[in-house]
Number of protein chains: 2
Amino acid sequence: MPESDITTSSGVHSTGQAEDSAATDATAEVTTDASTGKPIGMVADIGRDIGQYIRQQRENAKISLRQLSKLAGVSNPYLSQIERGSRKPSAEILQQIAKGLRISAEALYVQAGILDVPTGGPVADAIRADAELSERQKQVLLDVYESFRRENSAGQPKQEPSTVEEGTDATAAADRDNAQ
Amino acid sequence: MPESDITTSSGVHSTGQAEDSAATDATAEVTTDASTGKPIGMVADIGRDIGQYIRQQRENAKISLRQLSKLAGVSNPYLSQIERGSRKPSAEILQQIAKGLRISAEALYVQAGILDVPTGGPVADAIRADAELSERQKQVLLDVYESFRRENSAGQPKQEPSTVEEGTDATAAADRDNAQ
DNA sequence: GCAAGGTGCTTGCAATAGCTAGCACTGCTG
DNA sequence: CAGCAGTGCTAGCTATTGCAAGCACCTTGC
């Protein structure tokens, strides 16, 4: 598990340095950015999450940081920063790391928040695979389908009435798409 | 189709400014970066590709650039740069644009080269969905499966002998994974 | 004990992403 | 015709990404 400090990293690279006391006192409250609620002095949790995951996958594969950096074509200091959560890699870098780890890029994308956890059984898969629908139509249909599934799993919907409206909105949207 | 010029954009932002003559003479050969072969003065083709695609989706939806920029939460000058291919957006920005366009983020990711075009019928989907396999094991299995499919679709394999080796390498790799 | 080769990390820098301020233009309204 | 609201874009700026150079430490072999 990478250490959660940025220590002497310059202000140039960080949104703001972590409070010293936070670095030394594990029980100290993490200072957060007022606008996002995410930790200051550290890339957001999601960055640390992907870094932990990459380090875990690398250790499972029993290779060193330098070995992975060569396999991935990424510099080893940068890979260290990624694993320790002090840098947030782009999708392209994640793609390279996935190749180096010989896992799918999608697995890293889910951890990084770039992709949602895959959902849906055969219906959703079939909708996505339908070549005759536009991207917009696919999305509308998926929204309608997911809305119905939520209704059904709730039995009697206990959400706001907007849940009901959502369904009608979706079908209204579908009608508007067809009108175009 | 966005214009392919960066005109007076400063050198700070571009790998290199397009030759003036290239800007005015449509038949002029595009100057390329020696190391990558990609156009200079323009982000790589793939950047223009995603930009074109976004503009096409926006025009299909019959909304203006400013309307989409508000829906997406992206500044309108930056969206213009993306559509014209002079900036390469991150996955997070693509996610926001997809939401604004009400299409799936995956559709934009495929265009941007972040995701491959989805492949595989039921076998690949089932492998990906299997919760009992590690990410590494899934990838090895997919590699083996795709290798077999390539062999079968070629009838008599005409590729390098490495294609055969690839299969044996893959199964050997699978054995090593199981040994760990 | 020393050299060599490995490890993970820090620092400073260049290039790029993404934004704000502002521009020029168009069409509409009173 | 002036004012307004819209359009798409340019220029300059700040924050961030990703790297190269180099550090300190560890293990191994001679």
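The model shown is predicted, which means the values in this text are computed figures rather than measured ones. Lettering of chains follows the sequences in order, A, B, ..., and the numbering in each one begins at 1. Any value given below was found using the heavy atoms of this structure, including those in side chains, with hydrogens, waters and symmetry copies removed.
- Between Ser80(B) and the phosphate of dC9(D), there is a side-chain N or O to OP1/OP2 separation shorter than 4.0 Å.
- At least one side-chain heavy atom of Ser90(B) sits under 4.5 Å from a side-chain heavy atom of Ile93(B).
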For DNA chain D, the dot-bracket pattern of Watson-Crick and G-U pairs whose distances stay under 3.5 Å, | for other-strand partners = ||||||||||||||||||||||||||||||
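- The CG atom of Leu94(A) sits 13 Å away from the C1' atom of dG18(D) (whole-angstrom rounding).
- The nearest whole Å value for the distance from the CD atom in Glu92(A) to the C1' atom in dT16(D) is 15 Å.
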Test log, rule side-chain contact (heavy atoms from CB on, under 4.5 Å), inputs Arg136(A) and Asn60(B) = CA-CA 9 Å; Arg136(A) 180 75 169 276; Asn60(B) 287 351; over 6 Å; no
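- Ionic pairing of Glu106(B) and Arg128(A) is not present here: no N-O contact between side-chain nitrogen and carboxylate oxygen is shorter than 4.0 angstrom.
- For the pair Gln81(A) CD and dA20(D) C1', the computed distance is 12 Å after rounding to whole Å.
- The listed nucleotides are dG18(D), dG8(C), dG18(C); the one nearest the side chain of Arg87(B) is dG18(C).
- At a threshold of 4.0 angstrom between heavy atoms, the contacts of Leu79(B) with the nucleic acid are absent.
- Applying the side-chain contact (heavy atoms from CB on, under 4.5 Å) test between Leu68(B) and each of Val74(B), Asn76(B), Ile63(B) identifies Ile63(B) as the sole match.
- If you check the side chains of Ser80(A) and Arg84(A), you find a donor sitting under 3.5 Å from an acceptor.
- Between Lys138(A) and Glu135(A) there is a salt bridge, with a side-chain nitrogen of the basic residue lying less than 4.0 Å from a carboxylate oxygen of the acidic one.
- For Ala91(B), the side-chain contact (heavy atoms from CB on, under 4.5 Å) criterion is met by Ala91(A), Ile114(A), Tyr109(B), Ile114(B), not counting sequence neighbours.
- What separates NZ of Lys88(A) from P of dA15(D) is a distance of 18 Å, to the nearest Å.
- Taking atom CD1 of Ile82(A) as the reference point, atom C1' of dG8(C) lies 14 Å away to the nearest angstrom.
- Remark: side-chain polar atoms of Gln111(B) are not paired, donor with acceptor, to backbone N or O of Leu108(B) under 3.5 angstrom.
- Atom CG in Leu65(B) sits roughly 19 Å away from atom P in dC25(C) (whole-Å rounding).
- Phosphate proximity of dG6(D) to Ser64(B): absent, as no side-chain N or O sits under 4.0 Å from OP1 or OP2.
- Side-chain proximity of Arg55(B) to dC9(D), dG18(D), dG18(C): nearest is dC9(D).
- Judged purely by atom type and a 3.5 angstrom limit, Gln81(B) has no side-chain atom pairing as donor or acceptor with the backbone of Lys88(B).
- In the region residues 66-78 of chain B, proximity to DNA chain D at under 4.0 angstrom, judged on heavy atoms, holds for Arg66(B), Gln67(B), Asn76(B), Pro77(B).
- In this structure, Ser90(A) reaches the dG18(D) phosphate: one of its side-chain N or O atoms is under 4.0 Å from OP1 or OP2.
- Atom pair Gln96(B):CD and dA17(C):C1' shows a separation of 13 Å (rounding to whole Å applied).
- In this structure, CD1 of Ile50(B) is placed 16 Å from C1' of dA17(C), rounded to the nearest angstrom.
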